[in-house]
Engineer: 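After the structure tokens below, expect a handful of questions from me.
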2 protein chains.
Amino acid sequence: MHEADQRGEAALLTEPDAAPAVSIGAVAARAGVSVATVSRVLNDSDGVRPKTREKVLAAVALLGYSMNHLARNLRTSSSRLLLTMVPDVGNPFYAQIVRGIDAVAREHGYFVLLCDTGADAGRERSYFELLRTRRADGAICLDPDTIQQALAGELSAGQPWVACCEFDPDGDVPYVGIDNRAAAAEAVGHLIGLGHRRVGLINSDQRYLYARQRRRGYDEAMAAAGLAVAAGWRQTVAGLDYEAGSAATLAMMAQPDAPTAIFAVSDTLAIGVLSALRRLGKRVPEDVAVVGFDDISLAAQVAPGLTTVAQPMHELGAAAARLLLRRLAAPGAPLPGVLLAHRLVVRGSSDPSIREAP
Amino acid sequence: MHEADQRGEAALLTEPDAAPAVSIGAVAARAGVSVATVSRVLNDSDGVRPKTREKVLAAVALLGYSMNHLARNLRTSSSRLLLTMVPDVGNPFYAQIVRGIDAVAREHGYFVLLCDTGADAGRERSYFELLRTRRADGAICLDPDTIQQALAGELSAGQPWVACCEFDPDGDVPYVGIDNRAAAAEAVGHLIGLGHRRVGLINSDQRYLYARQRRRGYDEAMAAAGLAVAAGWRQTVAGLDYEAGSAATLAMMAQPDAPTAIFAVSDTLAIGVLSALRRLGKRVPEDVAVVGFDDISLAAQVAPGLTTVAQPMHELGAAAARLLLRRLAAPGAPLPGVLLAHRLVVRGSSDPSIREAP
DNA sequence: CTGAAAGCGCTAACAA
DNA sequence: TTGTTAGCGCTTTCAG
């Protein structure tokens, strides 16, 4: 690591754009109208004679005027920023959702303020400060921990925010997500249908709503098939990264009556599972079948392809953004929770009859 | 996809925080001082008697005052926002860099405005508008395309921005990156040292500086070993995703004198390579050795482990943020380009003597 | 249809 | 050390 050569660019920086930033007043003067009129034109307010509008637009073009949003923000008391809280930008699942949010946001003239809550934990609450102080107009929260705090805490009350993926269907906060219970039951049912009787679950801490929902799905599917669940078959992980999945697998497979199938509540975990099983010399799916959750693009790339519950990530983000935008447009209107469809994608990690990916 | 039940939360939204947002003036009145003094306390300006400060702070606490940043922004003509342009948030490589940026940014009281340039292409130039209109104080650009445009265009001239990963060492724009040529040469040299004589290159379009730099490293390493390069050994991809890597591999391996080793300029591409080779029934590294670039966390998870050139992603982001912050602090000062160290991480995808990962 | 004028809440001279 | 005051650039009544 070294510092490369440096050149004098000071000259380049003092010179250009030294123009004193033309304001609405300058445009008004140039066009021979008042600032109010310019403002009207700029905001497409009606009640401006076409001819006047022309003049203003000409002056704008001539002077190369561009709006000072800071001033407008103060005046309108809005920042046109949407806060997005993610536990980990590095997780492809969240990354896709963020793209969905971003797409809708900018379609509506908003920008996305991204906060990686995992990066500096414990500071979750301060993010809602951003809302209170109007630095952001609304928030979409994807971080289960933050959502929990927000659902309980005061700070978020009455603020325009929506929960995404982690949600309480009986709460008062607008949300978008999928039916986690049904999805998990489906995944486990698939494994059972394949003949497995000992199915392991790698799940997040039960303090998370989605973890409880998926756990319920797992329990229901097992019960429906009349299968008992040994204690060690349910492993709890602290994070969702590859390593967590590997570690949980090692622990799970160390038992005498180790499962012949593993359902992990995220693809990143499941990929860690695959890697651990490989290390243990187990064949997938012959010795142990694996099912993940999310269907990140990587799921189709690993070997064998990962069977998984597909979540419509982009659409989840887009729907969350739309929900929030609706809230902002009509602060008083009640907002329904939104559940999007999931679907089980069967690949080689669970089904031996499936050869290599298409 | 259906809409879930909706409940009346209107009541919850009109009621709370109906407080008319206490301002600096209210605090001043409550504390029995002037707004100027309150402002001084709030900004830790010195020249305030401890006793007075106490009074103010007490009033702040009592009234639950919190600063209106929109007003401050207008006044100081700064938004405390750092624009970050990424070609694809979904790519783990960029995600890690973003975390590095984010960490440094908030350490200094800035927030990160994230723009996924890949999401709506062609609009690259408009991002610099954000700088001109002061909606962001500075920008870090990670998108090669946007960087190219910015390096050439007028719009970015004189604006406070830094290039990250894609850069022109001879240009006037501050940058942080690694020595791509040396890194590529090292990677290819490693393959040659393993006995390979036909080494393929999967590279991005030559219009990118990093692609040219890495291509040069490849060429140099091959030439240094006295190896000729067949035309088909160099494949160009349009994107960096898994699929692109697979497709390029299929094309490359279809040739009569197909390479026995492949160097891909990104891990995501390389993972696509692995998956394509598997599909072709080739063993890695026995039949074909593979080397990637970046060392994303996934590289250690795939089977076999991916040999790759590690880039200090988090540190790249952090360094870029620090560089930009320096620029903002002293707009006139010349900024040196920063090159960080890379290192070759050898795993099973190239070295047959390496068993399973640790 | 257009203009005059009053701030939005804060910072920063300049005075005292 | 503290207070007074003039705006930052824009939107938005209210008049005309």
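The sequence lines fix the lettering, A, B, ..., with proteins before strands; numbering per chain opens at 1. Keep in mind that the numbers below use all heavy atoms, side chains included, and drop hydrogens, waters and symmetry copies.
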Engineer: How many Å lie between CZ on Arg75(B) and P on dC8(D), as a whole number?
Structural biologist: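 Going from Arg75(B) (CZ) to dC8(D) (P), I get 8 Å.
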Engineer: Salt bridge check: are Arg106(B) and Asp116(A) linked by an N-O gap of less than 4.0 Å?
Structural biologist: no
Engineer: Can Asp44(B) and Arg53(B) be said to form a salt bridge (Lys or Arg N to Asp or Glu O under 4.0 Å), step by step?
Structural biologist: CA-CA 10 Å; Asp44(B) 279 319; Arg53(B) 157 182 253 82; 3.3 Å; yes
Engineer: Nearest whole angstrom, please: distance from the C1' of dT11(D) to the CD1 of Ile24(A).
Structural biologist: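 Result: 8 Å.
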Engineer: With heavy-atom distances below 4.5 Å as the criterion, would you say the side chains of Arg80(B) and Arg135(A) are in contact?
Structural biologist: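 With C-beta onward as the side chain, the pair touches.
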Engineer: Taking only heavy atoms on the protein side, list every residue of residues 33-49 of chain B lying under 4.0 Å from any atom of DNA chain C, sorted numerically.
Structural biologist: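 Nucleic-acid contacts, sorted: Ala36(B), Ser39(B), Arg40(B), Asn43(B).
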Engineer: Flag the pair Glu129(A) and Arg132(A) as a salt bridge only when some basic side-chain nitrogen lies within less than 4.0 angstrom of an acidic carboxylate oxygen.
Structural biologist: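 Yes, charged N to carboxylate O under 4.0 Å.
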Engineer: For Glu107(B), is there an ion pair with Arg322(B) - N to carboxylate O distance below 4.0 angstrom?
Structural biologist: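 Result for this pair is no, no salt bridge flagged.
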Engineer: On DNA chain D, check which nucleotide each of Arg53(B) and Leu74(A) is closest to and give me the residue with the more 5' one.
Structural biologist: Arg53(B)
Engineer: Starting at CD1 of Ile101(A), measure out to OH of Tyr110(A) and round the result to the nearest 0.5 Å.
Structural biologist: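 Spacing of CD1 (Ile101(A)) from OH (Tyr110(A)) equals 14.5 Å.
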Engineer: For Lys51(B) and dT2(D), give me the distance from atom NZ to atom P, rounded to whole Å.
Structural biologist: 11 Å
Engineer: In whole Å, I'd like the distance from the CZ atom of Arg135(A) to the P atom of dC10(C).
Structural biologist: 13 Å
Engineer: Closest approach to the side chain of Ser23(B), judged atom by atom: which nucleotide of dC10(C), dC10(D), dC1(C) is it?
Structural biologist: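 Of dC10(C), dC10(D), dC1(C), dC10(C) is nearest to the side chain of Ser23(B).
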Engineer: Name all residues meeting the side-chain hydrogen bond (donor to acceptor under 3.5 Å, both in side chains) criterion together with Asp88(B); count only those two or more places apart in sequence or in a different chain, and write none if there are none.
Structural biologist: Arg99(A)
Engineer: Heavy atom of residues 59-71 of chain B under 4.0 Å from DNA chain C: which residues?
Structural biologist: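 Tyr65(B), Met67(B), Asn68(B), Ala71(B) - these, ordered by number, are the residues of the stretch whose heavy atoms sit under 4.0 Å from the strand.
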Engineer: Contact between Val338(B) and Leu323(B) at the side-chain level, heavy atoms closer than 4.5 Å - yes or no?
Structural biologist: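 With C-beta onward as the side chain, the pair touches.
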Engineer: Does a side-chain N or O of Arg72(A) approach OP1 or OP2 of dT11(D) to a distance below 4.0 Å, or not?
Structural biologist: yes
